[in-house]
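Keep in mind that this is a model prediction, so the values were computed, not measured. To find a chain, count down the sequence lines: A is the first, B the second, and so on, and within it residues start at 1.
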Protein chains: 2
Amino acid sequence: MARPRTPLLSRERIVAAALRLIDDEGLEALSTRRLATELSVSGPSLYNHFATKDELLDAVVDSVIGEVDLSMFDGVAGTGEGEGEGLPAGPRTPWPEALHAWARSYRAALAAHPNIVPVLAQGPGRRPNALRLADAVFGHLVESGWPRGQATRIGALMRYFVTGSALASFAAGFPADAEVYDAADYPHLGEAHRLAGHRGTVDEGAFETGLEALLDGLVLRFERLAARSS
Amino acid sequence: MARPRTPLLSRERIVAAALRLIDDEGLEALSTRRLATELSVSGPSLYNHFATKDELLDAVVDSVIGEVDLSMFDGVAGTGEGEGEGLPAGPRTPWPEALHAWARSYRAALAAHPNIVPVLAQGPGRRPNALRLADAVFGHLVESGWPRGQATRIGALMRYFVTGSALASFAAGFPADAEVYDAADYPHLGEAHRLAGHRGTVDEGAFETGLEALLDGLVLRFERLAARSS
DNA sequence: ACCTGAACACCGTTCAAGT
DNA sequence: ACCTGAACACCGTTCAAGT
């Protein structure tokens, strides 16, 4: 048919189809030829919209990061009265609260697409949504009184925890087959075959417990910091 | 040449060469044909030792997990005197200490091979070293007084944090090119191009900070638990 | 500008054949 | 038992050709 009057493809359509394929069948299932078939075009057609498969993958990753809520990092110092800015900006949310809300949204966005987490965990690269996220977190921590070096570390360790929790289900990693857990080899795993059946509650419970422990520990550290500098 | 008098390959040699290839050039670089070339044999030869590429990958993953130190989970209740066992088992290490030492060893083993972390993060499956690790951590926590449900969560959240920290360098995820960080778009990332140059210290600092915060938070939780049940 | 088929150098895996 | 070459159905990507 050659060139149609109205384009068959767009970057948006390609990205959406790629993400669907990755979600349904895994990263390995995403081939340019398979994706093209899904979109009812021939393989090379995709190269009119993306230079390489990696560039396409980058776009998919950034669309996922774009789902993360960053609004808890808005707001300015003080009580929020009389700043006279164009945009209504309330007072800044206390950092432990903001970090908590952000981490939950971050995790939810990633856990909806676990198969792409290994790609996204490589860092922001030049992807705008990922850079915006890093900027918002770091900025909020610094303006809340954390030294810059500590703020960097907190950005890093929060990403460690969130990507780790979204990468794969802990519970589902244990085979449901009770035969696997020979009591002679693994004396404490007698109930492990039940784990996979409760993957939702186990993984969410672990995430919440870890997040709260992490934030409690950071608050402790912040208090020690404040005590030293006074 | 057909069958040589002494076998050209062994599972051990194949696993070692595969890990080297993954470390040096990434998971995508590991193809059966490329690996075979590296070992000076033809592609199909590998199938005499592993049924599929996935089975080979499983063996590589378990060899990495086998490097994690679990000795801090040895030891028995009480003072360690007069148990009369065959093996000398000292008193049990307090759980926060044991978890700290284990997490560092776990992270070191994984961070030495970041490209394989996405595979290993899928859970133990039927891999013996991974199951042994899960058994040791869970057993130690339960015997230290944690309720079984909480012990499961702690095993999960520790894996989240460690795999997340080993999956990729936080610092190296930020391009060293200062042009990337336009002040209009990312007002707080003006120094982010320096990050990649300090990847070692940034990532290790973040890991240690996070690990200590996590353990502080868990100790707090454990104390609240003990207070409630008394 | 945007699609196509043909082509190139790759994949994982199977299988018959050799010793 | 353990290696080989040939073969099958796949890959990502390039390129000349079509409108």
Q: Apply side-chain hydrogen bond (donor to acceptor under 3.5 Å, both in side chains) to A:Glu143 and B:His188, showing your working.
A: CA-CA 10 Å; A:Glu143 286 168 2; B:His188 306 99; 3.2 Å; yes
Q: Take A:Ser71 and A:Asp69 through the side-chain hydrogen bond (donor to acceptor under 3.5 Å, both in side chains) test and state the conclusion after the steps.
A: CA-CA 6 Å; A:Ser71 65; A:Asp69 184 13; 2.8 Å; yes
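Taking 4.0 Å as the cut-off between side-chain N and carboxylate O, B:Glu25 and B:Arg34 count as a salt-bridged pair.
Rounded to an integer number of Å, the gap from B:Leu57 CG to C:dG12 C1' is 13 Å. Atom CG of B:Asn48 and atom P of C:dA16 are 15 Å apart (whole Å). One can place CG of A:Leu8 at 13 Å from C1' of D:dT19, the figure rounded to the nearest angstrom. The distance between atom CZ of A:Arg33 and atom P of C:dC10, rounded to the nearest whole Å, is 15 Å. A:Leu27 has its CG atom 17 Å from the C1' atom of C:dC11, to the nearest Å. When the C1' atom of D:dA17 is taken as reference, atom OH of A:Tyr47 falls 19 Å away, rounded to whole Å. Between the CG atom of B:Leu21 and the P atom of C:dC11 there is a distance of 10 Å, given to the nearest Å. Between the CZ atom of B:Arg3 and the C1' atom of D:dG5 there is a distance of 19 Å, rounded to whole Å.
Counting any heavy atom pair closer than 4.0 Å across all strands shown, B:Leu35 reaches no nucleic acid atom. Backbone-only engagement by A:Ser31 is indicated by non-hydrogen atom pairs under 4.0 Å involving sugar-phosphate atoms exclusively. Across all strands, A:Ser45 comes closer than 4.0 Å to base atoms (heavy-atom distances). B:Leu39 comes within contact range of no nucleotide atom at all, as no heavy-atom separation falls under 4.0 Å.
Checking the phosphate oxygens (OP1, OP2) of D:dC3, a side-chain nitrogen or oxygen of B:His49 falls inside 4.0 Å.
Pairing of D:dT4, defined by two Watson-Crick or G-U wobble distances under 3.5 Å, is identified with C:dA16. Both distances falling under 3.5 Å, in either a Watson-Crick or a G-U wobble arrangement, occur for no nucleotide opposite D:dC10.
The 5' end of DNA chain C is approached more closely, in terms of each residue's nearest nucleotide, by A:Val41 than by the other of A:Val41 and B:Lys53.
Ring centers of A:Phe207 and A:Phe161: under 6.0 Å apart, within the cut-off.
Counting only heavy atoms from C-beta on, A:Ser42 has its side chain closest to C:dG5 among C:dG5, D:dT13, C:dC2. The side chain of B:Pro44 lies closest to D:dT4 when the candidates are D:dT4, D:dC3, C:dT4.
Pairing each heavy atom of B:Arg126 with each of A:Pro175, the nearest pair is NH1-CB, 4.0 Å.
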